Amino acid sequence: MDEKKKYTDSGIEIKNVYSNLPSSTSHSEWPGEFPFTRGIQADMYRGKLWTMRQYAGFSTAEESNKRYHYLLSHGVNGLSVAFDLPTQIGYDSDHSLAEGEVGKVGVAIDSIEDIQALFHGIRLEDVSTSMTINATGFILLSFYVALAKQQGADLKKLSGTIQNDILKEYAARGTYIYPPKPSMRIVTDIFEWCSHELPKWNTISISGYHIREAGSTAVQEIAFTLSNGKAYVKAALEKGLDINVFGKRLSFFFNAHNNLFEEVAKFRAARRMWAKMMKELGATDPKAMMLRFHSQTGGSTLTAQQPLNNISRVTIQTLAAVLGGTQSLHTNGYDEALSLPTEEAARIALRTQQVVAFESGAPDTADPLGGSYFIESLTDEVEAASWRLIEKIDAMGGSVNAIEEGFIQNEIARSAYEHQRNVETNEKIIVGVNKFQLEEEATIPGFKIDDSIRNLQVEKLTNLKNSRDRAKVDQLLQQLNDKAVSGENLMPAVIEAVENKITLGEIADELRCVFGEYK
């Protein structure tokens, strides 16, 4: 058999794509063509499988580095970094507000030395790195760039993503620092700087994931996410940036839930809607109209009861993401309703992706559910319902105003309440939670982080600060302050600061003095 061709187990050849249209027809029903409903590549996974990522980060940079090497040795081809809460909201580990949180929900990164330890033995040119970081995304990107320069890497070859989606923090998650307007200014500074210096880097991952985790529906997830995306594009256009340049580096991050067909319809509708939106905003390059997205299986769907059932949930969600045409995927560990994932749970989660990739046949043709009466109708209905919500947001003046007025937050809260009420009245069945329960004892070993991690980080910070040129530090922080006031692009000043051992907390605090804090 021809190795380039795909066959079923019975020897039946599988075409690249299936359609009821004659092959000569130029139409939106072909993958790789506007509006990309059926996928952004003509051959989808026949050409290249999605990037298999595993989200990891805990305690110290040294411990997280061991997990990265473990994951890379088991077939992961993209790293995805989780940061602890102090890092996410701009506090060093020695800050009083960091107490009790250092290294707990992700890795603690205070300085250039931590980032060196995090990626020890990993050449940044050789991996694609995703960093789930928002308010301090510009500082973490600066650490990463500084390390790449130390490694002698060609910055033009660096690939990866920073989440950098501050609007959804105000709406759903809460790890913001500065008010919306200066925060949007930092986002567009990153767009501008990366378009010249880091052309392969995805400068934002516009995130529906956390909107869904906060309790939204699938329709709300894409409506609010695409509205936020529109706000970022408009802010970049106001700054004079070229939509056909920065538009190619925008990416999205969606949740994959259990309702298989609605999730597939959601991903297809989102692609179609974004293509139309970008065209209306002035994009002419098809690549700037493509919605590329990372997906993660639904954290809020994992149950602490009968946790091994979560392996089945994650498998359904993996299929939803793949059948929906994701570009990269993280699968959750079955034990994550109890603690950070153990090595065993992380391995099973990765193997779930590999089984779907190499055994299920799901990637063998583009958009395998395309043309199904149910999927096509559902895609249209999800799209129509999402446009109705977007029109309401547009009438308020866009996402920033809708967030400031509390509209988006209230819509999410209402949906979360409805879902919980339906579970409690048994209108919605959650296996093992409100039906098919067992009297069970906790036998799943949890993954615990020791509170002594903070002492280690504080000691490292003390040594770092004692080894610096204090006058140089003061000079560079003043330079950062000046640029924040003048409106110049902040990225060069932040990179120079981190190269001179200035910490994440010091940079965040200097900008707090200029921008204030959002309450």
Side-chain angles (χ1 to χ4, degrees), residues 90 131 133-142 144-145 155 158 160-171 175-207 224-253 274 277-278 280-283 285 287-289 291-292 393 397-404 480-497 507-508 510-512 514-516 518:
M131 294 190 272
I133 195 76
N134 297 284
T136 54
F138 66 110
I139 306 174
L140 270 301
L141 180 60
S142 298
Y144 196 84
V145 168
L155 297 188
L158 284 191
T161 307
I162 44 169
Q163 193 163 94
N164 194 31
D165 175 5
I166 201 64
L167 290 179
K168 68 99 179 42
E169 294 298 325
Y170 302 114
T175 66
Y176 43 72
I177 303 173
Y178 314 113
K181 286 189 173 63
S183 294
M184 290 292 276
R185 176 256 178 106
I186 292 170
V187 169
T188 54
D189 277 3
I190 293 168
F191 288 1
E192 182 179 50
W193 186 82
C194 288
S195 68
H196 302 297
E197 306 296 333
L198 246 63
K200 288 179 73 178
W201 194 268
N202 297 322
T203 51
I204 193 167
S205 177
I206 304 158
S207 175
F224 299 155
T225 306
L226 298 186
S227 275
N228 288 348
K230 186 196 267 193
Y232 293 122
V233 171
K234 285 185 165 180
L237 289 171
E238 282 167 20
K239 197 161 186 164
L241 303 184
D242 183 345
I243 193 170
N244 288 318
V245 176
F246 75 78
K248 293 176 190 172
R249 301 313 333 152
L250 305 176
S251 68
F252 287 80
F253 174 27
W274 184 247
M277 212 179 250
M278 287 295 275
E280 280 174 19
L281 288 164
D285 187 327
K287 283 198 165 71
M289 302 178 209
L291 183 147
R292 297 168 301 117
I393 293 166
S399 267
V400 176
N401 288 355
I403 287 165
E404 287 177 343
L480 178 63
N481 189 301
D482 293 344
K483 288 201 173 188
V485 171
S486 71
E488 277 180 79
N489 194 301
L490 292 172
M491 286 300 293
V494 178
I495 292 166
E496 190 179 359
I507 292 165
E510 193 63 39
L511 295 178
R512 280 183 177 98
V514 181
F515 299 143
Y518 183 72

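Because the structure is a prediction, the values reported are computed rather than measured. Residue indices begin at 1 and follow the sequence shown. Note: hydrogens, waters and symmetry copies are ignored here, and every other heavy atom, side chains too, is used.
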Peer 1: For a quick test of reading the model, state the closest non-hydrogen atom pair linking Met277 to Leu226 and the distance between them.
Peer 2: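 What the structure gives for the nearest pair is SD-O, 3.7 Å.
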Peer 1: Report the distance from atom OG of Ser195 to atom CD1 of Ile190, rounding to the nearest 0.5 Å.
Peer 2: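 Taking OG in Ser195 and CD1 in Ile190, the distance rounds to 12.0 Å.
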Peer 1: Quick one: do the Tyr170 and Ser183 side chains pair a donor with an acceptor below 3.5 Å?
Peer 2: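 Judged by distance alone, the side chains do pair up.
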Peer 1: Rounded to the nearest 0.5 Å, how far apart are CG of Leu490 and CD of Glu510?
Peer 2: 11.5 Å
Peer 1: Please report the shortest heavy-atom distance between Val400 and Pro180, naming the atom on each side.
Peer 2: CG1-CB, 4.2 Å
Peer 1: Determine whether Ile186 and Ile166 make a side-chain contact, defined as any pair of heavy atoms from C-beta on separated by less than 4.5 Å.
Peer 2: no
Peer 1: Is any side-chain heavy atom of Ile393 closer than 4.5 Å to a side-chain heavy atom of Ser399?
Peer 2: yes
Peer 1: Would a 4.5 Å heavy-atom cut-off, applied to side chains only, mark Lys168 and Ile206 as touching?
Peer 2: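 With C-beta onward as the side chain, the pair stays apart.
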Peer 1: What is the ring orientation for Trp201 with Tyr144, classed by angle as parallel under 30°, tilted 30 to 60°, or perpendicular over 60°?
Peer 2: tilted
Peer 1: For Leu237 and Leu281, work out which heavy atoms get closest and say how close.
Peer 2: CD1-O, 3.9 Å
Peer 1: Write down the atom of Arg249, the atom of Lys200, and the distance for their closest heavy-atom approach.
Peer 2: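 For Arg249 versus Lys200, the nearest heavy atoms are NH2-O, 3.1 Å.
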Peer 1: Under 4.5 Å between any side-chain heavy atoms of Met491 and Val145, yes or no?
Peer 2: no
Peer 1: Can we call the ring centroids of Phe252 and Trp274 under 6.0 Å apart?
Peer 2: yes
Peer 1: Could you pull out the closest heavy-atom pair between Ile162 and Gly137, with the gap in Å?
Peer 2: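 Answer, listing the atom of Ile162 first, then Gly137: CD1-O, 4.1 Å.
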Peer 1: How many angstroms lie between CD in Gln163 and OG in Ser251, if you round to the nearest 0.5 Å?
Peer 2: 9.0 Å
Peer 1: Is there a side-chain contact between Pro182 and Val514 (heavy atoms, below 4.5 Å)?
Peer 2: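 No, every pair of side-chain atoms sits at 4.5 Å or beyond.
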Peer 1: Looking at CG of Asp165 and OH of Tyr232, how far apart are the two atoms once the value is rounded to the nearest 0.5 Å?
Peer 2: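 So the CG of Asp165 and the OH of Tyr232 are separated by 3.5 Å.
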Peer 1: Is there a side-chain contact between Phe246 and Thr203 (heavy atoms, below 4.5 Å)?
Peer 2: no
Peer 1: Roughly how far, to the nearest 0.5 Å, is CG of Asn228 from CD1 of Ile403?
Peer 2: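 Nearest 0.5 Å value for the CD1-CG distance: 5.0 Å.
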Peer 1: Quick one: CG on Asp242 to CG on Asn244, what's the gap to the nearest 0.5 Å?
Peer 2: 5.0 Å
Peer 1: Please identify which of these residues, Asn164, Ile507, Val187, meets the side-chain contact (heavy atoms from CB on, under 4.5 Å) condition with Phe138.
Peer 2: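 Passing option: Ile507.
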Peer 1: I'd like to check Phe515 versus Ile177 (side-chain heavy atoms, cut-off strictly below 4.5 Å). Are they in contact?
Peer 2: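 No, side chains not in contact.
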Peer 1: Considering only heavy atoms from C-beta outward, does the side chain of Glu496 approach that of Leu480 to under 4.5 Å?
Peer 2: no
Peer 1: Could you pull out the closest heavy-atom pair between Ala288 and Ile243, with the gap in Å?
Peer 2: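 Shortest heavy-atom contact: CB-O, 3.7 Å.
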